[in-house]
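Data block below; observations after.
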Amino acid sequence: MHDSTHRDARPRIAPAGLMFLAITSIGWGFNWPVTKFLLAELPPLTLRGVTGVLGAVLLALLAVMRRQSLRVEGAIWPRLLTAAVLNVTGWMVLMGLALLWLPASEAALIAYTMPVWASIIAWPVLGERPTVLRTLGLVLAFAGLATIMGGNGIAASAEKLPGIIMALAGAFGFAVGTVFSKKYPIHLPPITAAAWQIGIGCLPISIVGLLVETTHLSLVTPVGWWLLVYSVVGQFCIAYVSWFAALSRLPASVAAIGTMAVPVIGVVTSAIALGEPLGAGQIAALIFTLAAVVLATR
């Protein structure tokens, strides 16, 4: 593989990359209450896998309509498969399984250690030396997440150990995938790249889900059907395309830290849509995290 990375202590921050990163954070943030609602009506693997495959099909159709080729050269396939496994399959499966042992709040806190691993890996692999401002931004981001979770920390017991290991593995895998995609970029149009990665990543999840889970579509409410549309279009078609577009324009560490806004958006939208608590702690977390994102992109 050709190493296309140019080592630079201060990689350029592209404004378009920040815009795509914001779209990604909003799309994934909204998906938290959406997924929470839908899990009461559909089993988890089927929900995540099938919506992902449908999203990939829609993206492929969009690429064809825009006259973008879906052809993938042989040399690109190893990168494409690796990125799909790390950024889609591994993340979805491991985080879903972690929730069997952990409360959602603790799983989310562990999941968003991802920027730490990405920043650490990006230093020796990509030459992205962490600046003082980005380090401070990372600290503020975790302060925000700790505030969201009530500042109580993670009750690490023997019963929760499998969930903790899986959540950490998912976060580390996504971080590796983020740095890998910067080190060995996938030279495909953004929509085509997203279609292939989401399709490859979600197909095995959907197959397993359909084989081992029981789905009753009659239990899906009208609101649930609309939220399924959002999950397909918003999460996969818009947010994932924006993520790949942001990653191609931003340093890996900046893109990773920028995703710290996702759980904050999730908490705020959950409070509005589901009536979950939104008090001084959540507002403080929002301030911390937004400040972190600003510092990370300086």
Side-chain angles (χ1 to χ4, degrees), residues 20 22-66 87-89 91-100 102-105 107-108 111 148 191 194-195 197-244 259 261-279 282 286:
F20 284 121
I23 295 172
T24 300
S25 296
I26 294 170
W28 285 350
F30 282 173
N31 203 56
W32 280 49
V34 168
T35 301
K36 184 172 183 178
F37 183 94
L38 289 174
L39 283 175
E41 302 183 356
L42 293 168
L45 293 180
T46 301
L47 170 63
R48 293 193 166 197
V50 173
T51 54
V53 171
L54 290 175
V57 170
L58 288 178
L59 285 173
L61 291 174
L62 179 60
V64 171
M65 291 172 60
R66 293 171 62 90
N87 290 332
V88 182
T89 308
W91 174 265
M92 289 190 174
V93 171
L94 289 169
M95 290 305 166
L97 292 176
L99 289 171
L100 297 177
L102 295 174
S105 60
I148 289 177
I191 297 175
Q197 288 187 62
I198 294 170
I200 293 170
C202 289
L203 183 59
I205 302 175
S206 64
I207 292 173
V208 173
L210 292 172
L211 288 176
V212 304
E213 296 176 335
T214 301
T215 302
H216 299 287
L217 293 179
S218 60
L219 298 179
V220 181
T221 62
V223 173
W225 284 110
W226 282 110
L227 294 181
L228 279 171
V229 172
Y230 172 82
S231 187
V232 172
V233 177
Q235 176 187 196
F236 290 106
C237 292
I238 298 176
Y240 258 102
V241 169
S242 296
W243 168 248
F244 295 135
T259 63
V262 173
V264 175
I265 295 171
V267 167
V268 174
T269 54
S270 294
I272 296 172
L274 304 177
E276 295 183 356
L278 179 60
Q282 286 78 16
L286 178 62

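Counting begins at 1 with the first residue of the sequence. All values below were derived from every heavy atom in this structure, side-chain atoms included, with hydrogens, water molecules and symmetry-related copies excluded.
We find the CD1-OG1 distance between I198 and T89 to be 11.0 Å, quoted to the nearest 0.5 Å. From L62, atom CG reaches atom CD1 of I191 across 4.0 Å, with rounding to the nearest 0.5 Å. The CH2 atom of W243 lies 15.0 Å from the CZ atom of F236; values are rounded to the nearest 0.5 Å.
Inter-residue side-chain proximity for T221 and F37 is flagged as met; some heavy-atom pair is nearer than 4.5 Å. At a threshold of 4.5 Å between non-hydrogen side-chain atoms, the residues T24 and V241 do not count as touching. Residues L217 and W225 form a side-chain contact, since some pair of their non-hydrogen atoms from C-beta on lies under 4.5 Å apart. Between L228 and L54 the shortest side-chain heavy-atom distance does not fall below 4.5 Å. Residues V88 and I200 form no side-chain contact, since every pair of their non-hydrogen atoms from C-beta on lies 4.5 Å or further apart.
Among all heavy-atom pairs drawn from T215 and P43, the shortest one is OG1-CG, 3.4 Å. Between G52 and C202, the shortest heavy-atom distance links the atoms CA-SG, 3.6 Å. When all heavy atoms of C237 and G55 are compared, the closest pair comes out as SG-O, 3.5 Å. When all heavy atoms of V220 and L42 are compared, the closest pair comes out as CG2-CD2, 3.8 Å.
Shown here are the ring-ring contact (aromatic ring centres under 6.0 Å, His included) partners of F20, two or more places apart in sequence or in another chain: there are none.
With hydrogens and angles ignored, the 3.5 Å screen pairs no side-chain donor or acceptor of S206 with any backbone N or O of V50.
Sorted by first and then second residue, the pairs that involve residues 43-52 and meet side chain to side chain donor-acceptor pair (under 3.5 Å), not counting sequence neighbours, are T46-E213. Within the structure, side chain to side chain donor-acceptor pair (under 3.5 Å) pairs that include any residue of residues 228-241 comprise N31-Q235, S231-Q235 (at least two apart or interchain).
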